[in-house]
Amino acid sequence: MNHWYMLTVVGEDRRAIVAHLTHALYEGGCNLGEASMMRLGGNFSIMMMVQTTLSKHQLDQLIEPVVDSLGLHAHIDSIKGQLHQHQIPDVRVHVNGADRAGIVSQVVGALAEAGLDITDLESDVAGTEQQPIYLMIIEGHASEGIEPLRSALEIVAQNGIDARIDEIETMVG
Amino acid sequence: MEILKYPDPRLKQVSEPVDCFDDALRQFVRELEQTMRAGPGGVGIAAPQVACFKQIVIVDVSSKPKIPSHGCMILINPELTRWEGLALGREGCMSVPDYTGNVIRAESITVQALNEHGEQQAFDCEGYEARAVQHEIDHLQGMLFLDRLVSRRNDLFKRKVYKK
Ligand SMILES: [Zn+2]
């Protein structure tokens with residue numbers, strides 16, 4: 001029987017991590033679902049849905065040679081597949097400001113209270129080491145409409161953070 | 001009419017200009033419009049999506065509140081004669097079920113086209129309506145929004161560069 005697993009792999013970035021890992025999975029007869037892979041600082045992170053008849057232990061053994069040889073850490077969770085159920089976000093929030101402790105939790109906390117269900121969050125640190133700036137783009141569903149989110153952001157923005165919310169009107173044609 | 005679904009190779013086919021403006025064309029346009037309205041949330045359609053490889057596009061964004069609209073536009077042999085500005089927006093396609101993604105389009109355009117009677121028309125379109133027109137004209141060139149997807153990380157990165 002086929003099972004879905006969430007495979008999480010992290011480690012110091014080096015060449016061809018994705019190529020080596022996906023090759024091992026392909027050779028082992030695994031099917032891949034949705035995935036997010038990216039460089040975060042000097043590290044590489046992978047979250048990947050994997051479908052296979054293998055047990056969790058067997059899957060672990062399958063990727064072990066690659067994981068060990070590239071100095072990575074892997075973690076496997078059994079999950080429900082739930083493909084083909086994409087939620088379409090209806091708002092996008094842009095946040096940026098001088099990097100300081102608490103900026104994410106402050107913004108995200110205020111938005112959650114105002115009804116935002118996050119579908120996607122990406123953040124980055126730019127600027128220089130002396131003057132870092134924090135950038136964040138959040139997409140999600142405004143379960144109580146956009147107005148409460150706007151009010152929540154206005155309060156946050158008074159604390160020296162630039163924040164903007166846009167409605168996403170998806171064009172289907 | 002049935003909508004072709006990616007990865008049907010016919011969606012990559014380039015469409016030919018229309019040269020005969022007869023009743024058969026007008027009947028086809030009516031059926032194409034019905035197909036567009038039957039699709040979930042569809043605000044535009046291009047003839048190649050129903051396997052007719054002619055340069056015929058329909059866009060009607062008037063169902064969306066708060067959005068500038070020219071009503072139902074029948075655009076035959078359309079041509080963009082002006083485009084300005086860039087905007088990131090989310091698109092989906094009746095030919096690509098269960099997927100939406102971000103695409104950069106011109107913010108403001110002028111489209112010249114013939115209507116179903118062969119009369120020359122021009123429309124100045126902005127924002128969402130301009131996006132729909134560009135998405136549909138892409139279909140006539142065998143292009144899908146999938147060919148133009150950008151990641152949000154990409155957008156983030158650009159903002160970073162502009163900041164300096
Ligand atoms: Zn389309």
Side-chain angles (χ1 to χ4, degrees), chain A residues 33-41 44-45 81-99 104 118-128 130-142 145-147 162-173, chain B residues 3 35-36 39-46 49 57-61 63-67 73 87-103 105 127-139 144-145 151-164:
Chain A
E34 295 178 22
S36 158
M37 313 188 195
M38 62 182 70
R39 194 180 146 95
L40 299 174
F44 202 77
S45 78
Q82 298 178 319
L83 291 176
H84 311 294
Q85 297 177 28
H86 280 113
Q87 287 190 347
I88 300 181
D90 54 13
V91 290
R92 182 184 300 124
V93 181
H94 294 260
V95 180
N96 38 69
D99 189 21
V104 178
I118 296 177
T119 53
D120 207 295
L121 184 154
E122 287 184 7
S123 66
D124 217 331
V125 181
T128 60
Q130 291 74 36
Q131 282 189 302
I133 51 175
Y134 203 85
L135 302 110
M136 178 160 59
I137 297 183
I138 306 170
E139 289 187 344
H141 172 64
I146 195 168
E147 283 315 318
D162 293 322
R164 188 181 91 232
I165 184 162
D166 296 321
E167 248 168 300
I168 305 177
E169 189 69 74
T170 301
M171 198 294 298
V172 179
Chain B
I3 295 195
T35 307
M36 174 184 86
V43 295
I45 193 167
Q49 287 181 281
V57 154
I58 304 177
V59 170
D60 183 356
V61 303
S63 61
K64 303 273 171 182
K66 297 186 287 181
I67 283 173
M73 296 186 287
L88 184 79
R90 202 169 189 93
E91 298 182 19
C93 180
M94 291 190 282
S95 298
V96 186
D98 189 46
Y99 190 78
T100 60
N102 290 320
V103 178
R105 301 281 187 189
Y128 187 86
E129 190 179 51
R131 174 170 299 278
V133 169
Q134 292 169 80
H135 177 113
E136 301 312 334
I137 289 180
D138 264 359
H139 277 299
L144 294 173
F145 81 108
S151 73
R152 262 160 292 101
R153 202 152 192 90
N154 187 319
D155 174 49
L156 198 63
F157 181 69
K158 279 197 197 117
R159 291 166 58 81
K160 201 156 51 174
V161 173
Y162 293 144
K163 274 268 160 194
K164 285 176 185 167

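Given the structure is predicted, the values throughout are model-derived calculations rather than measurements.
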Practice task
For A:Asp99, enumerate each residue passing the salt bridge (Lys or Arg N to Asp or Glu O under 4.0 Å) test, keeping only those at least two apart in sequence or located in another chain.
Solution key: none
Practice task
Find the one option among B:Ile58, B:Val59, B:Val43 whose heavy-atom pairs under 4.5 Å with chain A are most numerous.
Solution key: B:Val43
Practice task
Heavy-atom distances under 4.5 Å only: say whether B:Pro97 touches chain A with side chain, backbone, both or neither.
Solution key: neither
Practice task
Determine the sole option in A:Val95, A:Ile133, A:Asn96 for which the side-chain contact (heavy atoms from CB on, under 4.5 Å) test with A:Asp162 is passed.
Solution key: A:Asn96
Handout entry: Part of A:Gln87 within contact of chain B (heavy atom distance under 4.5 Å)
Key = neither
Completion exercise
Sorted by chain and residue number, the side-chain contact (heavy atoms from CB on, under 4.5 Å) partners of B:Val103 (sequence neighbours excluded) come out as B:Glu91, B:Arg105, B:Arg131, B:Phe145, B:Arg148, B:Leu149
Fill in the blank from the handout: Nearest heavy-atom contact between A:Ala142 and A:Val91 is CB-CG1, 4.0 Å
